[in-house]
Amino acid sequence: MRIATWNVNSVKARLPNVTGWLREAKPDVCVLQEIKCQDPDFPRLEFESLGYHVTSHGQKSYNGVAFLSLTKPDDVRIRLAGDDTDEQSRYIEGDVGGVTICGLYLPNGNPRPGEKYDYKLRWMERLRQRAIALLATGAPFMMTGDFNICPADADVYDPAGWAEDALCAPDSRRAWRALCNLGLTEAWRALHPREVEYSFWDYQAGAWPRNNGLRIDHFLLSPALADRLLSCEIDRGPRGQEKASDHTPVICEIA
DNA sequence: ATGACTACCCTAGGTAGA
């Protein structure tokens with residue numbers, strides 16, 4: 001099974017790029033982030049015509065996630081438990097082929113310190129609680145999406161310049177490690193221990209041609225799923241296209 | 001250099017992203 005994650009930065013503005021890539025890459029499951037539209041406006045027919053079952057969890061203007069699967073998911077759930085007052089659409093999880101796939105758009109957290117950073121850390125603790133609950137079921141699962149976390153300095157083009165940013169700050173990385181230390185495996189880094197690759201390049205200041213990137217889109221695999229990990233690759237292709245998202249997709253294959 | 005880009009709201013320029 002091949003699972004993809006992609007922050008598309010508006011599914012409507014990106015439609016030809018996204019459908020074109022799905023046609024080529026043909027992932028069995030694809031989770032999208034920052035769809036930036038409400039559910040009635042989600043271009044579901046375009047994805048259904050490619051064979052995908054579609055569940056979107058959007059909101060007006062900002063955020064929004066979606067779950068695409070070639071086989072019909074046994075169940076799809078939205079919202080991350082732990083705060084009923086949280087209105088932001090950032091979490092969707094579906095069960096496909098006996099695997100629970102959690103698609104997430106973790107808050108950016110800037111500026112830091114501040115309200116938004118506090119929200120990020122609270123959200124990460126809620127995600128950790130969800131991982132604990134899923135681990136308790138014993139079923140294989142993965143958490144994938146835009147984590148807005150650079151796990152280590154090797155995942156940042158300018159570590160010193162980004163040290164105090166919400167994507168790299170000590171509290172952010174501590175919360176990331178707390179998640180990993182439950183026993184989850186970060187798929188790309190596990191298979192590429194010494195490589196430097198990025199999944200995001202800012203639109204500004206020629207970040208893409210200069211390769212000034214960040215690696216913030218990840219797969220975390222439960223222990224049972226980590227044993228089935230075959231590959232995990234970042235596909236830089238879409239970032240180089242016209243009208244590109246600032247993120248590029250990442251694909252993980254499990255046996 | 002208070003920069004640089006792109007998307008949202010909709011048609012001006014504020015908000016957000018990372």
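Letters A, B, ... are given to chains in the order of the sequence lines, protein chains preceding strands, and every chain is numbered from 1.
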(request) Describe the nucleic acid contact of Arg112(A) in one word from base, sugar-phosphate, nothing, applying a heavy-atom distance below 4.0 Å. (result) nothing
(request) Grab the CH2-P distance between Trp208(A) and dT6(B) for me, whole Å please. (result) 14 Å
How far, in whole Å, is [M] from [N] if one measures between their [atom1] atoms?
{"N": "dA4(B)", "M": "dT15(B)", "atom1": "P", "value": "16 Å"}
{"N": "dG17(B)", "M": "dA12(B)", "atom1": "P", "value": "25 Å"}
{"N": "dC8(B)", "M": "dG3(B)", "atom1": "P", "value": "23 Å"}
{"N": "dA7(B)", "M": "dA1(B)", "atom1": "C1'", "value": "25 Å"}
{"N": "dA18(B)", "M": "dT6(B)", "atom1": "C1'", "value": "13 Å"}
{"N": "dG14(B)", "M": "dT2(B)", "atom1": "C1'", "value": "16 Å"}

(message) Salt bridge or not between Arg112(A) and Asp171(A)? Use side-chain N to carboxylate O under 4.0 Å.
(response)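 Judged by the 4.0 Å cut-off on N to carboxylate O distance, Arg112(A) and Asp171(A) do not form a salt bridge.
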(message) I'd like to know if Glu125(A) pairs up with Arg128(A) as an ion pair, taking the criterion as any Lys NZ or Arg NE/NH1/NH2 lying under 4.0 Å from an Asp or Glu carboxylate oxygen.
(response)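 Result for this pair is yes, salt bridge flagged.
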(message) When you measure from the side-chain N and O atoms of Arg14(A) to the phosphate of dT6(B), is any distance below 4.0 Å, counting only OP1 and OP2?
(response)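 Negative; the distance criterion is not met.
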(request) Any pair with a residue in residues 83-111 of chain A that passes salt bridge (Lys or Arg N to Asp or Glu O under 4.0 Å), sequence neighbours left out, goes on the list, sorted by first then second residue, please. (result) Arg77(A)-Glu93(A), Arg77(A)-Asp95(A), Asp86(A)-Arg126(A), Glu93(A)-Arg130(A)
(request) Start with the C-alpha gap between Ser89(A) and Asn63(A), add the side-chain angles, then the distance that decides, and say whether side-chain hydrogen bond (donor to acceptor under 3.5 Å, both in side chains) holds. (result) CA-CA 6 Å; Ser89(A) 299; Asn63(A) 309 318; over 6 Å; no
(message) How long is the straight-line distance from CZ of Phe47(A) back to OG of Ser69(A), given to the nearest 0.5 Å?
(response)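 Between atom OG of Ser69(A) and atom CZ of Phe47(A) there are 14.0 Å.
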(message) Is the ring pair Trp176(A)/Phe147(A) parallel, tilted or perpendicular, if the boundaries are 30 and 60 degrees?
(response)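 Ring orientation of Trp176(A) relative to Phe147(A): perpendicular.
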(message) Walk along nucleotides 8-18 of chain B from 5' to 3' and tag each nucleotide B, S or - by protein heavy-atom contact under 4.0 Å, base first, then sugar-phosphate.
(response) SS-----BSBB
